[in-house]
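Structure first, then comments.
Note that the coordinates shown come from a computational prediction; the quantities given were computed from them, not determined experimentally. Numbered from 1 within each chain, the chains take letters A, B, ... in sequence-line order.
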There are 2 protein chains.
Amino acid sequence: MKKNQRPLDQVDLQILSLLYEDASQSNKDIANKVGLAPSSCLERIKRLQADGVITGQRLSVDVNQLGGHIQAMISVRLSDHNRATVSQFQTDLLSLPEVMSIFHMGGENDFLLHVTVSDSAHLRDFVFNAITARKEVNHVETALVYDHQISSTVPSFG
Amino acid sequence: MKKNQRPLDQVDLQILSLLYEDASQSNKDIANKVGLAPSSCLERIKRLQADGVITGQRLSVDVNQLGGHIQAMISVRLSDHNRATVSQFQTDLLSLPEVMSIFHMGGENDFLLHVTVSDSAHLRDFVFNAITARKEVNHVETALVYDHQISSTVPSFG
DNA sequence: GTTGAAACAATGTGGCG
DNA sequence: CGCCACATTGTTTCAAC
């Protein structure tokens, strides 16, 4: 939370919620839905961005159509938990085209890698080449992801 | 994959890749970067949407600023694997404000729930009220998520 | 695929409550 | 101080090529 930041009011939350459902709506549409003039609405959206509440806008794609026919969640344990090792692992893996997102975890697994690959041979190669080949990796477990659904409701409570 | 669909060429992939990095770029900017006239570029983007390669546009928000101070990954096993039971569980949970996304898994866990909560009391209450309270739930395990990083590179390989 | 005109949306300014 | 109306700028979109 930044300094000099007004707390979010109900209208801010309404704007966030609308944009979270569908970020492609125009400012004008949002303004209409929340009952503000477009300029006032835009002012609020800009403030939400400046305050870091809105951090960006991402495209949703159908990875299956891009050749990502299989999705998997790969649990990884490292043997070395230095900040440098952990952070290097994270950076290296995030840059690979197969890796869609990385969860840095507490608990017995250090990382969950959500990956997409073209087929099971690709999955096997990815696990061997990108993960078990690394010295700091201690344990790897792969589970298939049948389906990944993302909520279209913005988290908001208190 | 739909019928009547042209395979993606290099320019399509370039457009996808640019928009995947930052979906807030204007069509005009994308057109410039890929070396097309804005109208041709827009035509391609529209086609990618019509073909279902681009499925939407999502807002990235800082959940921490919305009161989501803790993120967790909750592994759930059900005792009953009927389609109806599984699908009801998925629908019910996805609509809760704490749940950001649901992975339907193969393997010993049926679901991974990526959730955000305000504090550890909230986490405990959520697990009890939304998960273990359900008859079909057999086993629950909760792990803290320190950090979740999403790739800004679109998955793409043959 | 391009160009250029018309339609529309985003943005900045100044005035009002 | 936040909101609105209006003027300006820029973007999208459509038709003709």
Smallest separation among heavy atoms of B:Leu96 and B:Phe126, with atom names: CD1-CE1, 3.7 Å
Atom of B:Asp12, atom of B:Pro7 and distance for their closest heavy-atom approach: OD2-O, 4.3 Å
For B:Asn82, side-chain contact (heavy atoms from CB on, under 4.5 Å) partners two or more places apart: B:Asp80, B:Thr85
Over 12 foreign heavy atoms within 6.0 Å of CZ, B:Phe128: no
Taking every non-hydrogen atom, the tightest pair across B:Pro38 and B:Asn27: O-ND2, 3.0 Å
Close side-chain approach of A:Tyr146 to B:Met105, heavy-atom, < 4.5 Å: no
Residue pair A:Asn64 / A:His69, side-chain heavy-atom distance below 4.5 Å: yes
Close residues, residues 7-37 of chain B, relative to DNA chain D [heavy-atom separation under 4.0 Å]: B:Ser26, B:Asn27, B:Lys28
Pairing residues for B:Arg124 by the salt bridge (charged side-chain N to carboxylate O under 4.0 Å, His left out) criterion, not counting sequence neighbours: none
Start and end of the DNA chain C segment that chain A contacts, any atom under 4.0 Å from a heavy atom: C:dA9 to C:dG12
Any donor-acceptor N or O pair under 3.5 Å, side chains B:His139, B:Glu108: no
Test log, rule side chain to side chain donor-acceptor pair (under 3.5 Å), inputs A:Asp110 and A:His104: CA-CA 6 Å; A:Asp110 295 303; A:His104 183 195; 5.6 Å; no
Nucleotide range of DNA chain D lying under 4.0 Å from chain B heavy atoms: D:dT11 to D:dC14
Intra- and inter-strand pairs of DNA chain C in dot-bracket (Watson-Crick or G-U wobble, both distances under 3.5 Å; | for another strand): |||||||||||||||||
Validation row: B:Val34, B:Arg44 side chains within 4.5 angstrom (heavy atoms): no
Criterion side chain to side chain contact (heavy atoms under 4.5 Å, CB included) on A:Val86 and A:Phe111, from CA distance to verdict: CA-CA 9 Å; A:Val86 166; A:Phe111 291 104; 3.6 Å; yes
